Each structure stands twice: as structure tokens, then as C-alpha cells.
Amino acid sequence: MNAPKVGFVSLGCPKALVDSERILTQLRTEGYEISSSYDNADVVVVNTCGFIDSAKAESLDAIGEAIKENGRVIVTGCLGVNADEIRELHPQVLTVTGPQAYEAVVGAVHEHAPYQATHDPFINLVPPQGIKLTPRHYAYVKISEGCNHRCTFCIIPSLRGDLVSRKADEVMNEAERLVTAGVKELLIVSQDTSAYGVDLKYPLGFWKGRPVKTRLLELAEALGELGVWVRLHYVYPYPSVDKVIPLMAQGKILPYLDIPFQHASPRVLKAMKRPAHAENTLERIRAWKEICPELVIRSTFIVGFPGETEEDFQILLDFLEEAQLDRVGCFQYSPVDGATANEIADPVPDEIKQERWDRFMAVQAKISAAKLQAKIGSVIDVIIDEVVEEGAVGRSKADAPEIDGQVFIDNATHLQPGMIVKAKVVDADEYDLWADLVD
Ligand code: SF4
């Protein structure tokens with residue numbers, strides 16, 4: 001019997017991508033084949049995102065497309081918690097499961113595309129690092145699931161539950177397998193990286209015969225020994241993070257922090273119930289930069305949160321000017337079904353949201369452009385992501401894949417993805433850099 005083919009559509013954030021990789025790895029281990037087109041697949045799995053309305057709409061469209069093109073569809077992921085809504089719109093779906101329901105998804109594939117593996121178990125179908133959906137040279141490593149916070153605009157805790165950390169030895173074994181397989185950059189993701197291990201009470205794991213505590217500092221130290229770029233995402237400005245900054249100054253992990261601040265007005269942060277909302281963030285950033293001057297901070301913000309006044313917004317703009325963040329994304333608040341923020345009085349009218357967003361972006365664009373201009377003439381490390389006709393395209397230590405800027409090195413077509421090269425910055429705009437190779 002030929003192995004059934006499974007089509008896969010993966011939507012949503014890096015955490016959902018890691019879920020997809022885990023499901024695919026399991027199916028491949030069992031002998032299933034992965035199909036790259038709808039018409040060849042015996043069944044299609046759609047891993048959905050349900051975070052904001054636009055993501056929900058995209059997921060529902062993707063389900064519709066898979067039904068139209070193939071007809072045999074299993075739905076999983078964050079939108080899966082709204083099974084009734086999905087079934088109402090797409091009654092033909094075979095099964096709906098929620099986020100992190102790996103066994104249920106694989107079980108649904110067994111049911112709808114049964115396969116008794118006849119492959120030789122000694123022929124390894126899956127590389128030791130598992131199936132990865134990212135290019136070979138970088139990989140996301142998810143260190144925990146869920147979240148203990150209850151931000152009022154977010155439904156992730158109700159979708160994914162409270163924080164559940166993976167033990168440090170498990171994370172380190174995965175990271176080591178990835179590095180052995182050629183990965184040059186590890187992107188550490190979770191919903192709250194700074195809280196890593198708190199749910200388990202920071203137990204010891206054993207890696208390479210020595211204890212490693214299940215806590216951010218110790219994990220970062222151990223990851224720093226792997227000799228690849230290590231980038232931390234979704235960190236909150238808690239005092240515990242202070243201890244990680246010296247590792248960045250020593251070059252053990254990348255001098256990069258992805259901190260979703262979301263706002264700066266204490267009143268709005270409190271209404272959002274943001275983690276670390278009572279911390280003096282500017283003071284903390286200043287202290288971090290003293291320890292590690294090359295530290296790059298990327299962040300996201302929400303404008304137009306219910307009850308946000310012009311004064312709150314001005315506090316946010318002042319914060320931007322003071323904090324001089326390197327990379328910033330900004331969203332206009334949009335209500336998410338089931339979020340408690342929907343009950344907060346005084347929604348901000350759409351035209352004011354738009355006007356604040358425009359003002360916010362104008363301030364940040366100037367800051368970003370000035371920061372990138374200041375890099376002209378400096379020599380930086382660049383990891384190559386792809387090589388095109390005109391040259392190589394890569395990223396500096398300050399740029400995470402997909403969300404930050406790029407570095408273009410004209411004519412360097414002899415380079416290969418995954419190489420880390422030195423280049424001299426010759427030009428810049430608001431987002432990207434242009435550089436020449438340095439011998
Ligand atoms: S920290 Fe807040 S926004 Fe992030 S996942 Fe937890 S509840 Fe949601």
C-alpha cells in the first residue's frame with residue numbers, strides 16, 4: 001500500500017509554526033508522505049490562527065480553499081476552539097481540534113487516511129532534528145506553551161491555557177539536534193519567555209552530564225555554548241531579565257530583545273493588565289544599554305485601546321522618543337471575540353485610531369531611519385538568507401527573520417544561505433541596509 005499523502009497549510013505565529021512542525025514530524029515518522037499540492041493529498045490539515053479578527057478571517061478562507069481544492073480537511077490550531085463557528089461556515093470539515101492537540105490531529109489523520117506502515121523501520125524517514133518549515137539555517141525553538149497573564153485584549157490563555165514550560169534538558173537536546181543538522185540561528189519563542197520555568201519551580205535538567213536549571217538565565221547560558229546565534233523573543237522587562245544582558249555583552253547570545261511593550265501610559269498598561277506594567281521601563285532600558293551598548297530592542301504597540309486619551313497617547317510618543325527603540329511595529333486596537341477589553345468603556349473612534357497610528361509611525365520612522373543611517377560605515381556580521389540574481393540577502397544581528405529589516409549585499413552571488421559574513425554598511429533607508437562584503 002502506498003503511503004497516504006497529507007497536505008498541510010500552516011498559518012499564524014512562530015508558535016503555531018512549531019506546532020505544525022511537530023505534527024508533520026510525527027506523521028512523517030509514521031511513514032505518511034507530505035504533499036505540496038492540494039490535488040495530490042489524501043487529506044489536508046489546516047493549522048489555523050484565531051488571535052485577531054483578520055487572522056480568523058484568513059484561517060476561515062484557508063479552510064474554504066482547502067475544501068474547494070481537496071474536500072477532505074482536518075482543522076487544528078487556535079481557531080479550533082471555535083469548532084461550532086467553523087462547522088457553521090464549513091460543515092464539510094472532517095474534524096476540528098484545538099491548539100497543541102498534536103495527538104488528536106494525528107489521530108484524525110489516522111482515521112481519515114489510514115495507513116499501516118510497511119516501510120522498513122530501519123530506514124529513517126525523519127531527520128533527527130524533525131521536520132522544519134523554516135529554511136535550513138534558522139529554526140524556532142518553543143520553550144513553553146500557554147501564559148499565566150491575562151492581558152485584557154488577548155484570548156491566548158483561554159486558547160492555550162496557563163504556562164507550561166519544557167524542561168531545560170528537553171529544550172537543550174532539541175537545540176543541539178538542530179545545530180548538528182546545520183542550523184545557525186535559534187529563535188527562542190513562547191508567550192512569555194521571561195517567565196520560563198516558573199510553573200515548574202525552576203527544576204534542574206541534565207544536559208551533557210551537568211545540571212541546567214529550567215530558568216531563562218541558565219537556559220540562555222547553555223544555549224550560548226552551542227556556537228550559533230541565539231535570539232530571544234517575547235520577553236518582558238522584569239528585573240530577572242537584567243541578568244541575561246551580560247550574556248549579550250559577552251557575545252554568548254545575540255544582543256537582541258523582542259519585548260512587546262504595547263503601550264507606555266501607566267493608565268492604559270493597567271487597563272491592558274500588561275505584565276511588568278508597574279516597572280520603570282525607561283530606567284531598565286537605560287541600565288541594560290549601559291551593560292550592553294549594542295543591545296537592540298524590537299517591540300510592538302497598540303494605539304486606540306479603549307479609554308486611551310490624547311494624554312495617554314502623548315505619553316506613548318514621549319516614550320518612543322526617549323526609549324529610541326530599534327524596530328517597532330504598531331497596530332490599531334481591534335476587538336477580539338471573547339477578550340475582556342471589549343467591556344472597557346470609551347472605545348476610540350476609528351478615525352482617531354488612524355490619526356494616532358499615523359503620528360506614531362511618523363515618529364518611529366524618523367528614529368529607525370536615524371538609527372540605520374548611523375550604521376553606515378560600520379562593519380557588521382550578516383547571516384545570509386537567500387541568494388538571488390543581484391546578490392545575497394541577509395540579516396544583521398539586529399534583525400529577526402520575517403519581522404525586521406534585511407541587509408542587501410550586491411553581486412555576492414557566490415555566498416550561500418546560512419553563511420555568516422562580514423560586510424561594511426554603505427547605505428540605509430528606514431528599514432533595510434545595503435552593504436559590501438569585507439574580505
Ligand atoms: S502576555 Fe498577555 S498578550 Fe501575551 S499571551 Fe499572555 S495574556 Fe496574551
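One-based numbering, in listed order, for ligands and for the atoms of each. All figures in this text were calculated on a predicted structure; none of them were measured in a lab.
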For Glu88, is the CD atom crowded, meaning more than 12 foreign heavy atoms sit under 6.0 Å from it?
no
| query | Do Asn47 and Thr76 have side-chain atoms, one donor and one acceptor, less than 3.5 Å apart? | reply | no
Sorted by chain and number, sequence neighbours left out, ring pair (Phe, Tyr, Trp, His ring centres under 6.0 Å) with Tyr140 holds for none
So the salt bridge (Lys or Arg N to Asp or Glu O under 4.0 Å) pairs with at least one residue in residues 238-251 (sequence neighbours excluded) are Asp242-Arg284
Hits for ring pair (Phe, Tyr, Trp, His ring centres under 6.0 Å) against His112, two or more places apart or cross-chain, chain-then-number order -> none
Item to complete: For the residue pair Glu65 and Tyr38, confirm or rule out a side-chain donor-acceptor distance under 3.5 Å.
Response: yes
Heavy-atom contacts under 4.0 Å to ligand 1, chain-then-number order, include exactly Cys147, His149, Cys151, Phe153, Cys154, Ile156, Pro157, Gln191, Tyr236, Arg274, Pro275
